[in-house]
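Inspection log for the structure reproduced underneath, given as structure tokens.
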Amino acid sequence: MQFFGGTEISPSLPASTASGNNGHMMYVFNRNGVCLLYREWNRPLHTLNQQQDHKLMFGLLFSLKSLTAKMDPTTPDKANLGVPQLPGQGCSFHSFRTNTYKLTFMESPSGIKIILVTHPRTGDLRESLKYIYNLYVEYVVKNPLYTPGTPIRCELFNTTLDQYVRSIS
């Protein structure tokens, strides 16, 4: 089932542009900032403990969302920096790139935030994040054993996610 356009019943893979394992790590947060899932594939250096890392990433997202909303040239009335916005409200960012990584971000209408950190030369991953969100809905949300707001512990989702992220170019 596609929640961002399309009419397919099961998730379909976005077109791949090359081959290789470019995915470094991925986070899934709920609307309250609770990390529901953290996966890593290519992360050679660990500088923080996992809880600090999650707080830092969510804080970065919160700050970037606030900054982009404040700088939005199309909205005459600007909210104060740091004021929470509803998903889809105001100007938003999709990704940024440094010399060592690229961070791609998507927020669903329900407030689920998916962050994928990849190699800096990786192309546009918005369709890939939509596909990952569709996997989340199919394998996690529709799972009768899953309690919303708790960490994701679905082996089928993790396996499918690992296979897909390893194929991202």
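Reckoned from all heavy atoms, side chains included, excluding hydrogens, waters and symmetry mates.
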Rounded to the nearest 0.5 Å, the CG atom of L103 sits from the CG atom of L60 at a distance of 6.5 Å
In Y136, Y146, Y133, the residue satisfying side-chain contact (heavy atoms from CB on, under 4.5 Å) with V141 is Y136
Among all residues two or more places apart in sequence or in another chain, which pass the side-chain hydrogen bond (donor to acceptor under 3.5 Å, both in side chains) test with T100?
-> T98
Kindly indicate whether the side chain of N143, heavy atoms from C-beta on, has any atom under 4.5 Å from the side chain of F157.
-> no
Fit a plane to each ring of Y164 and Y131, take the angle between them on a 0 to 90° scale, and name the class: parallel (under 30°), tilted (30 to 60°) or perpendicular (over 60°).
-> tilted
Are any non-hydrogen side-chain atoms of M106 and K130 less than 4.5 angstrom apart?
-> yes
Give the intermediate values and the outcome of side-chain contact (heavy atoms from CB on, under 4.5 Å) for residues L135 and V140.
-> CA-CA 8 Å; L135 288 177; V140 178; over 6 Å; no
Sequence neighbours excluded, which residues qualify as salt bridge (charged side-chain N to carboxylate O under 4.0 Å, His left out) partners of R126?
-> D124
When rounded to the nearest 0.5 Å, the distance separating CG of L161 from CG of L37 is 6.5 Å
Please check if the side chain of N134 supplies one atom and the backbone of V137 the other of a donor-acceptor pair under 3.5 Å.
-> no
Quick one: which residue pairs count as a ring pair (Phe, Tyr, Trp, His ring centres under 6.0 Å) with a foot in residues 105-128, not counting sequence neighbours?
-> F93-F105
Listed partners of Y38 passing side chain to side chain contact (heavy atoms under 4.5 Å, CB included), at least two apart | M25, Y27, C35, E40, R43, Q50, D53, H54
Measure the spacing between OG1 of T160 and OH of Y139 and express it to the nearest 0.5 Å.
-> 4.0 Å
Could you tell me whether the side chain of N49 and the main chain of Q51 form a donor-acceptor pair under 3.5 Å?
-> yes
Looking at side-chain heavy atoms only, is the closest gap between I112 and L36 below 4.5 Å?
-> yes
Nearest heavy atoms of K113 and G111, plus distance in Å = NZ-O, 3.1 Å
What distance do I114 atom CD1 and L125 atom CG have between them, rounded to the nearest 0.5 Å?
-> 12.0 Å
Do NZ/NE/NH1/NH2 and the carboxylate oxygens of R31 and E107 come within less than 4.0 Å?
-> no
How would you list, by chain and number, every residue that makes a side chain to side chain contact (heavy atoms under 4.5 Å, CB included) with R153, sequence neighbours excluded?
-> P151
Would you give the length of the straight line joining atom CG of L129 to atom OG1 of T104, rounded to the nearest 0.5 angstrom?
-> 6.0 Å
Which distance, rounded to the nearest 0.5 Å, do you find between the NZ of K102 and the CZ of R121?
-> 13.0 Å
Between M57 and I115, what is the shortest heavy-atom contact and its length?
-> SD-CG2, 4.1 Å
Only counting residues at least two apart or in another chain, list the ones meeting side chain to side chain contact (heavy atoms under 4.5 Å, CB included) with D162.
-> R39, W41, R166
In chain order, what residues pass the side chain to side chain contact (heavy atoms under 4.5 Å, CB included) check against E155, with sequence neighbours excluded?
-> T159
